[in-house]
Colleague: 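First the structure, which I've put down as structure tokens, then a few questions once you've had a look.
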Amino acid sequence: MEYKFREIEKKWQKYWEDNKTFKTFDDFSNPKKFYVLDMFPYPSGAGLHVGHPEGYTATDIVARYKRMKGYNVLHPMGWDAFGLPAEQYAIQTGTHPAITTKKNCDTFRRQIKELGLSYDWDREINTTDPEYYKWTQWIFIKIYNTWFDEKAGKGRPISELPIPEEVKNAGPEAIRKYIDSKRLAYYDDAQVWWCPECKIVCANEEVLSDGSHEKCGNLVEKRKLKQWMLRIPLYAERLLQGIESLDWPEGIKEMQRNWIGRSTGAEVDFPVENSDEKITVFTTRPDTLFGATYMVLSPEHPLVEKLTTPSRKSEVEEYIKAASLKSDLERTDLSKEKTGVFSGSYAINPVNLQKIPVWIADYVLMGYGTGAIMAVPAHDTRDFEFAQKFNLPIVCIMDPDTSDAEQRKRVLEGHECWTEDGRYINSADKTTGIDINGLNKEAGIAKMIAWLEEKKLGRAKVNYKLRDWLFSRQRYWGEPFPVIHWEDGEITVLDEKELPLELPPLEKYQPGESGESPLANATDWITVTDARGRKGRRETNTMPQWAGSCWYYLRFIDPKNKEAIFDPAKEKYWMPVDLYIGGAEHAVLHLLYSRFWHKVLYDLGIVSTDEPYQKLFNQGMILAYAYETDKGAKIASDMVVEKEGKYFHKETGEELRQIVAKMSKTLKNVVNPDDVVKKYGADSLRLYEMFMGPLEATKPWDDKGVKGVFGFLNKTFRFLSEKNNITEGEEDSEVIKALHQTIKKVGNDIENLRFNTAISAMMIFINLATKKGKITRRTAETFIKILSPFAPHLAEELWNLAGHNKTIAYEPWPEYNEEYLKEDTFEYPVSFNGKLRFKLELPLSMDKEEIVDRVVSDPRSAKWLSGKKPENVIVVPGKIINVVVR
RNA sequence: GCCCGGAUGGUGGAAUCGGUAGACACGCAGGACUUAAAAUCCUGUGGCCAGUUAAACGGCUGUGCGGGUUCAAGUCCCGCUCCGGGUACCA
């Protein structure tokens, strides 16, 4: 029978839809549950990209496999639909973003349905739906009303915050300020990056290293604006420790650890000469205090103004101005020379009471530590470079652990920087009483911290790189904050009953030049008056796109619940997410933010698990072939012709190199899944996406490869749909063995997300079956079952042709029988000194001595033994024989 | 600069625990079928070198580079090169 994939796929997609084949029930009686989740897409106007179906097919195979294994499977899909493009389109055309968004969602839904993915569409969610963002706002209120109890290491309701006596005595205003200072969400002036093109504030995370906005590529500048911030660093330790329990790729876990950036050390106070001020620094090397020969303040440090002496004033001000205009790139570029300026003031080194100059330099950042450092040029490479440039003293305080005498000399003389271990020298002072001479780094750090704490000059300190999360955007198309700013300065959040706070309709979507969101134009919406006649103004900022995606996995559990965010019993049943698949670009931001929200909800008793995503897997990016000339000029794909495996420029005839690059409009190498489905069918697309290579690998799309898997599906369909090929009775022993090998391999591979080798195993089986010409009905049906998660339309059709009238989706997954896989003999590769020389078939039960006898007496061995006796013979049963001859 | 990945035939990749390198697929070459093409099927296919009427077959070499460990290394260790991704000079 001919493989009419278009008809077959349409037919079964309709069947699944009509019969709600993949509707998930909250069947608590089945203890085997499996929640398999995709990173839901932003429905862009461009439609689906071939990168989307990669992850979706992977989760779909797992979902279908788990159903066949008897699991109750939750496999939902939705739309992360707030975002810039719809808003920009609205600015240009006046079309409401909701209309654009709906259109895009409809396209995405159609495309995804055409791939035969087994989602429960009754659970579809959309972050822009007020019934959804009602709960996003609800969570924000929860976060706002939470403080972090450092002692308990967890978030607690703000109503439980103990108020210190002195605050109580200072009156209600002081109490309010105190409470606000403890909330996980706060409203404050923030130095933010401003994109003049998008007219939007960008989070640090959104500004690229060259100082451009990641969304539009324009250079950003600094501005101060009132912003909502979330105190994610309070959860740094919990977020760090939580990583350990997760089944995530090691690389991603490492990236999250590095992002959180825990470092241990000490805070040390340096008194300022002739002043009551002190400079507090954070250092991981308090042991090197004797080598501290100067200090550096970041240009934004609050003490800069006070410490700058009148004679230095103009120079310092000029420097600060220059630093503030610098982009992150300029300030952080290592190849650029260090800059700095002397403040005119001196600090006192607490270990030896020596006077050291205070400098101002932009290589010290206000955003990390205390914004000030003690500089130890002899033992820190950046300080060394700075000291050399400005002729500051370099005092070596450590005899380096090096066998290189020349190097040791250079280090001791202060001509080379040493950051490794050694023994302290010049590290004692009679007046202050500290002495760490002779100790190594570890002991030195411990002793110095103990001394600092005893003398109340410093304290052990853990520091994190993780910074407060800037959580507001000056946009229309986002969740409104359920917040009112009252004329008396009070800030309140809405009551739960007032949610959702819906976006008001607008005439114009243009943002205000001042940086205010377009919501500022909705006068009626903004203005509120309370029962006492007090006037207030609604928050005009909206939440970032992260907000909706931070918790969507929870709403899938109970998406239509009007009374609550979800039914706690359902949450308990379904959480955590058992498998989460998506692109590696979310390795840090989305996953860290989402884990943070989840932990807050956990502390408040709203969710039952500490972590949301038990197992995570990142799919690799799909690239495409592109072409370039000898000189490296890129040529658009429509200008390239192929001749005998070589590539030439259509017009100039120049031979071109095939390279691999990101798909792009300019290179004209974007692959549209619709075209692939039209030409080869959804099953071929699914199979190719999985067959290309390992799921996690970055790999190029190749249309010829689609043809390959299409051929396999054709062959499979033709063979299994032909009644003459299917027999009753006993199966051929070779076929039965191959079948059981395939069942085992495919099952293991699905469990380990190695779909490429699973598909190759099925190809091997079909190649054997067609060679044999006939297989039994039982074998055929077993094979159709294991193929069904990969090519579900084709499998349903074959299953139906075989006389079944119910879907294959819930047929039990075939078990393999080890008995059929057992071997009696093995063809041993026999090698001499590690080089394979010949093969010898021997019973697996044969013991080592007999094997050695057989090998040595084999006529083919004579050549390699050349009369000598083997020194040793290694026999690894079922693997290899290696004869050692010297 | 730092961090995280990676490098295997003409191409995508396989080798899951240190044990036969190149599964499976594409491409290419040859053949069958056909008036022809497509489709399909069959055969061959890492490189180099031999010999025999021919075939089976034989030898050397080979997983980015240089070392090392081991009976045995694509796999482990040390030192590099190049490519991709991330990046906040993090004290």
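Just so it is clear: chains get the letters A, B, ... in the order the sequence lines come, proteins before strands, and each one is counted from 1. If you're wondering where the values come from, they're calculated on a predicted model, not measured in any experiment. In what follows, every heavy atom counts, from backbone to side chain, and hydrogens, waters and symmetry copies are set aside.
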Colleague: Give the nucleotide from the list B:rA91, B:rC71, B:rU20 with an atom nearest to the side chain of A:Phe282.
Modeller: B:rA91

Colleague: Measure the distance from CZ on A:Arg257 to C1' on B:rU87 and round it to the nearest whole Å.
Modeller: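 So the CZ-C1' distance, A:Arg257 to B:rU87, works out to 18 Å.
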
Colleague: Nearest to the A:Asp749 side chain among B:rU16, B:rA14, B:rC24, which nucleotide is it?
Modeller: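 The answer is B:rU16.
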
Colleague: Is A:Lys745 touching bases, backbone alone, or none of the nucleic acid, heavy atoms closer than 4.0 Å?
Modeller: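 It contacts base atoms.
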
Colleague: It should be established whether A:Asn714 places a side-chain nitrogen or oxygen under 4.0 Å from OP1 or OP2 of nucleotide B:rU40.
Modeller: no

Colleague: For the rings on A:Trp248 and A:Phe617, is their centre-to-centre separation under 6.0 Å?
Modeller: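 No - the distance between ring centres of A:Trp248 and A:Phe617 does not fall below the 6.0 Å cut-off.
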
Colleague: Please work out if A:Phe691 contacts a base, only the sugar-phosphate, or nothing of the nucleic acid, heavy-atom cut-off 4.0 Å.
Modeller: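 If one applies the 4.0 Å heavy-atom cut-off, A:Phe691 turns out to touch a base.
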
Colleague: Within this structure, what is the CE-to-C1' distance between A:Met692 and B:rG13, rounded to whole angstrom?
Modeller: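 These atoms are roughly 11 Å apart.
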
Colleague: If the C1' atom of B:rG12 is compared with that of B:rG6, how far apart are they to the nearest Å?
Modeller: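 Between the two C1' atoms, the distance is 15 Å.
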
Colleague: Please work out if A:Lys879 contacts a base, only the sugar-phosphate, or nothing of the nucleic acid, heavy-atom cut-off 4.0 Å.
Modeller: sugar-phosphate

Colleague: Tell me what A:Ile874 touches on the nucleic acid: a base, only sugar-phosphate, or nothing, going by heavy atoms under 4.0 Å.
Modeller: base

Colleague: Distance check, P atoms only: B:rG44 and B:rA23, in whole angstrom units.
Modeller: 12 Å

Colleague: Can a side chain N or O of A:Asn767 be found less than 4.0 Å away from OP1 or OP2 on B:rA25?
Modeller: yes

Colleague: Distance check, C1' atoms only: B:rG46 and B:rA29, in whole angstrom units.
Modeller: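 It works out to 16 Å between them.
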
Colleague: Do A:Leu589 and A:Trp259 have side chains that approach each other closer than 4.5 Å (heavy atoms only, starting at C-beta)?
Modeller: yes

Colleague: Would you classify A:Ser263 as touching base, sugar-phosphate or nothing, given that sugar-phosphate means primed atoms plus P, OP1 and OP2, and contacts are heavy atoms under 4.0 Å?
Modeller: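 Sugar-phosphate, backbone atoms only, no base.
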
Colleague: Using atom C1' of each nucleotide, how far apart are B:rA21 and B:rG85 to the nearest Å?
Modeller: 29 Å

Colleague: Ignoring backbone atoms, establish whether A:Lys835 has a side-chain N or O less than 4.0 Å from OP1 or OP2 of B:rU61.
Modeller: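 Answer yes for this pair, as a side-chain N or O of A:Lys835 is under 4.0 Å from OP1 or OP2.
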
Colleague: Under 4.0 Å, heavy atoms only, any strand: does A:Asn756 hit a base, just the sugar-phosphate, or nothing?
Modeller: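 The answer is sugar-phosphate, as A:Asn756 gets under 4.0 Å only of primed atoms, P, OP1 or OP2.
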
Colleague: Please state the C1' separation for the pair B:rU81 and B:rC28 - nearest whole angstrom.
Modeller: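 Nearest-Å result for B:rU81 against B:rC28 at atom C1': 32 Å.
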
Colleague: Ignoring backbone atoms, establish whether A:Lys707 has a side-chain N or O less than 4.0 Å from OP1 or OP2 of B:rG27.
Modeller: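 Yes, because at least one side-chain N or O of A:Lys707 sits under 4.0 Å from OP1 or OP2 of B:rG27.
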
Colleague: For B:rC41, decide between syn and anti, treating a glycosidic angle within 90° of 0 as syn.
Modeller: anti

Colleague: Just how far, in rounded Å, is P of B:rA14 from CG of A:Asn752?
Modeller: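 So the two atoms are 14 Å apart, to the nearest Å.
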
Colleague: Compare all side-chain heavy atoms of A:Phe710 with those of A:Leu687 and state whether any distance is below 4.5 angstrom.
Modeller: no

Colleague: B:rC90 phosphate, OP1 or OP2: any side-chain N/O from A:Arg382 under 4.0 angstrom?
Modeller: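 It does, given that an N or O in the side chain of A:Arg382 lies less than 4.0 Å from OP1 or OP2 of B:rC90.
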
Colleague: Look at all strands and tell whether A:Val876 reaches a base, only sugar-phosphate, or nothing, counting heavy atoms closer than 4.0 Å.
Modeller: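 A:Val876: base contact, heavy atoms under 4.0 Å.
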
Colleague: Here's a test of your reading of the structure: between A:Glu254 and A:Pro694, which maps to the more 5' nucleotide of RNA chain B?
Modeller: A:Glu254

Colleague: If you count every heavy atom of other residues, nucleotides or ligands that lies below 6.0 Å from A:Lys615 atom NZ, does the total exceed 12?
Modeller: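 Yes - once you tally the heavy atoms of other residues, nucleotides and ligands closer than 6.0 Å, there are more than 12.
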
Colleague: Taking B:rG22 as the reference, what is the distance to B:rU45 when you measure between their C1' atoms (whole Å, please)?
Modeller: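 It works out to 12 Å between them.
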
Colleague: To the nearest 0.5 Å, how far apart are OH in A:Tyr688 and NZ in A:Lys704?
Modeller: 11.0 Å

Colleague: In terms of the nearest nucleotide of RNA chain B, which residue is placed more toward the 5' end: A:Met763 or A:Leu466?
Modeller: A:Met763

Colleague: Roughly how many Å apart are B:rG18 and B:rC76, using the C1' atom of each and rounding to a whole number?
Modeller: 8 Å

Colleague: Examine A:Phe691 together with A:Phe755 and report whether their ring centres are nearer than 6.0 Å.
Modeller: no

Colleague: So which nucleotide from B:rG13, B:rC24, B:rA91 ends up closest to the side chain of A:Leu365?
Modeller: B:rA91

Colleague: Which whole number of Å gives the distance between the C1' atom of B:rC26 and that of B:rG62?
Modeller: 23 Å

Colleague: Expressed in angstrom and rounded to an integer, what is the separation of A:Ile880 atom CD1 from B:rC71 atom C1'?
Modeller: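 After rounding, the reported distance stands at 10 Å.
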
Colleague: Mind calculating the distance between CD1 (A:Ile622) and C1' (B:rG13) to the nearest angstrom?
Modeller: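 That distance rounds to 15 Å.
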
Colleague: So, is A:Arg837 near the phosphate of B:rC60, with a side-chain N or O under 4.0 Å from OP1 or OP2?
Modeller: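 For B:rC60, OP1/OP2 do have a side-chain N/O of A:Arg837 under 4.0 Å.
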
Colleague: Counting the atoms with a prime plus P, OP1 and OP2 as sugar-phosphate, which does A:Asn872 contact under 4.0 Å by heavy atoms, base, sugar-phosphate, or nothing?
Modeller: nothing

Colleague: Could you check which of B:rC71, B:rA91, B:rC41 has an atom nearest any side-chain atom of A:Arg718?
Modeller: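 Given the options B:rC71, B:rA91, B:rC41, the side chain of A:Arg718 is closest to B:rC41.
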
Colleague: Look at the side chain of A:Tyr294 and the backbone N and O of A:Asp383, then say whether any donor-acceptor pair between them is shorter than 3.5 Å.
Modeller: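 Yes, the answer is positive, given that a donor and an acceptor are paired below the 3.5 Å cut-off.
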
